[in-house]
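Below is one structure; the comments refer to it alone.
Residue numbers run from 1 in the order of the sequence given. Order of appearance sets the numbers: ligands from 1, and atoms from 1 within every ligand.
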Amino acid sequence: MNNFSFRNPTKLIFGKDTIANLAKEIPTGKTIMITFGGGSVKQNGVYDQVKDALKNHKTVEFWGIEPNPTYETLLKAVALGKENKVDFLLAVGGGSVLDGTKFIAAAMCFQGAEPWDLMQNPRLITAVIPMGTVLTLPATGSEMNSGAVISRKATQEKLALGTPLNFPVFSILDPQTTFSLPKNQVAAGIVDSFVHVLEQYLTYPSQSPLMDRWAEGILQTLVEIAPEAMKQENYDVMANFMLCATMALNGFIAMGVPQDWATHMIGHELTAYHGITHGFTLAIVCPALMQVMKADKHDKLLQYAERVWQITEGTNEQKINQCIEKTEQFFRSVGVNTRLSEYGVGKDTIEKIVNRFTERNWIVGEKRNITPSIVREILEKAL
Ligand code: NZQ
Ligand code: ZN
């Protein structure tokens with residue numbers, strides 16, 4: 001097991017009708033900027049609940065943080081926040097609103113001329129405005145982690161930002177909010193959570209049986225509840241889905257283990273160039289990456305086949321092939337495409353992505369051996 005240090009300061013407030021707790025989580029003396037997406041919260045009653053809970057607080061609203069939040073939009077929020085001397089941020093929405101607000105939190109405290117510099121060099125982040133969240137979409141884990149992924153329209157870039165300062169102070173998760181999600185967002189959330197676990201689990205054996213069992217527990221739970229979660233009818237099913245998504249990327253299954261993240265790095269480029277929804281990009285890249293990296297991931301793939309998919313018959317090679325097929329079928333079972341061609345994406349995009357990896361000197365994967373030419377191989381397998 002590798003050495004590690006672990007700290008997750010986010011207070012998780014989970015369950016039915018918990019949005020009302022906002023009133024006591026934020027001191028009344030604060031000027032709060034509430035950030036929103038495109039308006040789903042007005043249709044599902046979340047907006048009214050938030051406003052009601054904060055009726056005795058001073059609030060400013062910022063609307064329009066889009067899926068895959070853009071730098072261009074976030075700069076407008078930074079300006080509004082500074083103008084109103086905001087000293088607390090509340091993100092209400094999906095991962096994009098939460099991520100965007102983490103960037104706002106850092107950019108509002110940044111003295112430099114070009115806040116994009118924070119994306120290139122997170123060490124420039126020395127202070128942030130504290131933030132809380134009301135999450136309405138289980139997927140990213142952003143509600144209980146310090147990461148944020150920000151896009152820049154002008155350059156078609158999508159980059160991740162990580163600073164321990166960006167953990168939300170609290171996050172409120174009421175599973176009832178998920179009943180209004182469009183089906184494709186539920187599906188994207190299931191795939192995203194599943195792949196978050198794989199990025200931290202499907203590497204090489206590292207003497208971490210506890211991390212393995214926790215990871216397998218989340219994977220198995222997701223497989224078990226996915227058909228019911230897609231129906232969006234049962235509160236407890238949605239609650240378990242929401243908790244799976246949080247636990248998949250809040251650091252709890254990452255203690256002392258190697259991590260991959262190549263699927264995400266490649267997937268982000270598919271969003272940057274083609275706007276494909278985050279979870280959908282992972283469903284394309286993940287099975288292809290498993291194929292190409294079969295030898296490196298051999299032992300863990302075998303464990304995954306046996307423990308998650310209960311594949312016990314056949315040779316090791318057959319078991320591994322079957323579990324890769326099962327993974328792809330699982331994504332397809334929730335209605336998600338798994339091939340680039342299904343999105344009309346072809347070899348020209350593959351070349352652009354390979355060039356980007358080359359220019360950025362990115363060599364990724366748990367063994368740092370996924371070179372740009374292996375990225376090409378993975379994407380060609382996914383055609
Ligand atoms: O904008 P509104 O109108 O609110 O609608 C949103 C949006 O159109 C809608 N929605 C959210 N909750 C809803 C709802 N509609 C009805 N009812 C509800 N309860 O869903 C749409 C998608 O929302 P978005 O926030 O974009 O989805 P998600 O939560 O999947 O976030 C995706 C972003 O997070 C990043 C992704 O790259 C992408 O930019 N990620 C962040 C991570 C992190 N912070 O750790 C890790 C992830 O790997 C990921 O990269
Ligand atoms: Zn993800």
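- Ion pairing between E269 and K352 fails under the 4.0 Å rule for side-chain N and carboxylate O.
- Side-chain contact of E313 with Q322: a donor-acceptor pair under 3.5 Å is absent, judged by distance alone.
- Proximity of L249 to ligand 1, defined as any heavy-atom pair under 4.0 Å, is confined to the side chain (atoms from C-beta onward).
- Side chain of T70 to backbone of T73: a donor-acceptor contact under 3.5 angstrom is found.
- Heavy-atom distances between G39 and ligand 1 reach below 4.0 Å in at least one pair.
- For atom 23 (O) of ligand 1, the nearest protein heavy atom (residue, atom name, distance) is L137 CD1, 3.4 Å.
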Apply salt bridge (Lys or Arg N to Asp or Glu O under 4.0 Å) to D212 and K300, showing your working. CA-CA 10 Å; D212 283 359; K300 270 313 202 35; 3.1 Å; yes
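- With distances taken over non-hydrogen atoms, the option nearest atom 16 (C) of ligand 1 out of S180, S193, A188 is S180.
- Salt-bridge formation is not detected for the pair D174/K16: no Lys NZ or Arg NE/NH1/NH2 atom is positioned less than 4.0 Å from an Asp or Glu carboxylate oxygen.
- Aromatic ring centres of F331 and F280 lie farther apart than the 6.0 Å criterion allows.
- Considering only non-hydrogen protein atoms, atom 12 (N) of ligand 1 sits nearest to T136 OG1, 2.8 Å.
- Close approach of ligand 1 to P182 (heavy-atom distance below 4.0 Å) involves ligand atoms 15 (N), 16 (C).
- By the criterion of a heavy-atom distance under 4.0 Å, neither the backbone nor the side chain of E66 is placed next to ligand 1.
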List the steps, then state whether salt bridge (Lys or Arg N to Asp or Glu O under 4.0 Å) holds for R356 with E359. CA-CA 5 Å; R356 255 196 178 164; E359 282 158 19; 5.6 Å; no
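- When each of Q291, M290, R339 is tested with E328 by the rule side chain to side chain contact (heavy atoms under 4.5 Å, CB included), just one qualifies, namely R339.
- Proximity to K158 (heavy-atom distance under 4.0 Å) selects the following atoms of ligand 1: 36 (C), 37 (O), 38 (C), 39 (O).
- Side-chain rings of F194 and F330 approach one another, their centers coming within less than 6.0 Å.
- At a heavy-atom cutoff of 4.0 Å, ligand 1 is contacted by the side chain of N145 but not by its backbone.
- For ligand 1 and G37, the ligand atoms under 4.0 Å from any heavy atom of the residue are 1 (O).
- Atoms of ligand 1 lying under 4.0 Å from at least one heavy atom of G95, given by number and element, are 25 (O), 28 (P), 29 (O), 31 (O).
- Nearest protein heavy-atom contact of atom 4 (O) of ligand 1 is S40 OG, 2.7 Å.
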Taking only distance into account, with no hydrogens and no angle test, what donor-acceptor pairs under 3.5 Å do side-chain atoms of residues 76-90 form with protein atoms, sequence neighbours excluded?
{"residue": "N84", "atom": "ND2", "partner": "L80", "partner atom": "O", "Å": "2.9"}
{"residue": "D87", "atom": "OD1", "partner": "T31", "partner atom": "N", "Å": "2.7"}

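- For atom 7 (C) of ligand 1, the closest non-hydrogen atom on the protein side is P67 CG, 3.9 Å.
- Counting heavy atoms closer than 4.0 Å to ligand 1, residue H268 contributes side-chain atoms (C-beta onward) but none from N, CA, C or O.
- The pair E61-K51 counts as a salt bridge, with a side-chain nitrogen and a carboxylate oxygen less than 4.0 angstrom apart.
- Of the N or O atoms in G38, one or more lie within a sub-3.5 Å distance of an N or O in ligand 1.
- Within the listing of ligand 1, atoms 44 (N) sit less than 4.0 angstrom from a heavy atom of G147.
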Go through the steps to decide whether N166 and S146 satisfy the test side-chain hydrogen bond (donor to acceptor under 3.5 Å, both in side chains), and finish with yes or no. CA-CA 5 Å; N166 256 344; S146 59; over 6 Å; no
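- Listed by atom number, the atoms of ligand 1 under 4.0 Å from S142 heavy atoms are 44 (N).
- Applying the under-4.5 Å side-chain rule to Ile, Leu, Val, Met, Phe, Trp and Tyr, the cluster around W261 extends to L249.
- The environment of Q120 atom CD is dense: over 12 non-hydrogen atoms of other residues, nucleotides or ligands sit within 6.0 angstrom.
- Within the cation-pi definition used here (under 6.0 Å to the ring centroid, within 45° of the axis), K11 does not qualify as a partner of F170.
- Side-chain heavy atoms closer than 4.5 Å link hydrophobic residues (I, L, V, M, F, W, Y) into clusters, and following such links, possibly through other members, connects F241 to L282.
- Aromatic ring centroids of F179 and Y235 lie 6.0 Å or more apart.
- Nearest non-hydrogen protein atom to atom 30 (O) of ligand 1 is A139 CB, 3.8 Å.
- Residue-to-ligand polar distances keep I65 apart from ligand 1: every N/O pair is separated by 3.5 Å or more.
- Residue-ligand proximity, V149 to ligand 1, at heavy-atom distances under 4.0 Å covers atoms 37 (O), 40 (N), 41 (C), 50 (O).
- Among all protein heavy atoms, the one lying closest to atom 47 (C) of ligand 1 is H196 NE2, 3.4 Å.
- Protein heavy atom in closest approach to atom 13 (C) of ligand 1: L181 CD2, 3.3 Å.
- When only non-hydrogen protein atoms are considered, atom 33 (C) of ligand 1 lies nearest to S96 OG, 3.4 Å.
- By the criterion of a heavy-atom distance under 4.0 Å, the side chain of D99, and not its backbone, is placed next to ligand 1.
- Within the protein, the N, O or S atoms sitting under 2.8 Å from the Zn ion (ligand 2) are D192 OD1, H196 NE2, H264 NE2, H278 NE2.
- At least one N or O atom of T177 sits closer than 3.5 Å to an N or O atom of ligand 1.
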List the atom pairs, donor and acceptor, that lie under 3.5 Å between side-chain atoms in residues 376-383 and the rest of the protein, sequence neighbours left out.
{"residue": "R376", "atom": "NE", "partner": "E351", "partner atom": "OE2", "Å": "3.1"}
{"residue": "R376", "atom": "NH2", "partner": "E351", "partner atom": "OE1", "Å": "3.0"}

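- Contacts with ligand 1 closer than 4.0 Å are made by side-chain heavy atoms of N44 only, the backbone lying farther away.
- No close placement of the F110 and W116 rings is indicated, their centers lying 6.0 Å or farther apart.
- Of all atoms in ligand 1, numbered sequentially from 1 with element shown, those under 4.0 Å from a heavy atom of Q185 are 20 (O), 21 (C), 22 (C).
- With V186, V92, T140 as candidates, the residue nearest to atom 40 (N) of ligand 1 on a non-hydrogen basis is T140.
- Under the 4.0 Å criterion applied to side-chain N and carboxylate O atoms, K297 and D260 are assigned as salt-bridge partners.
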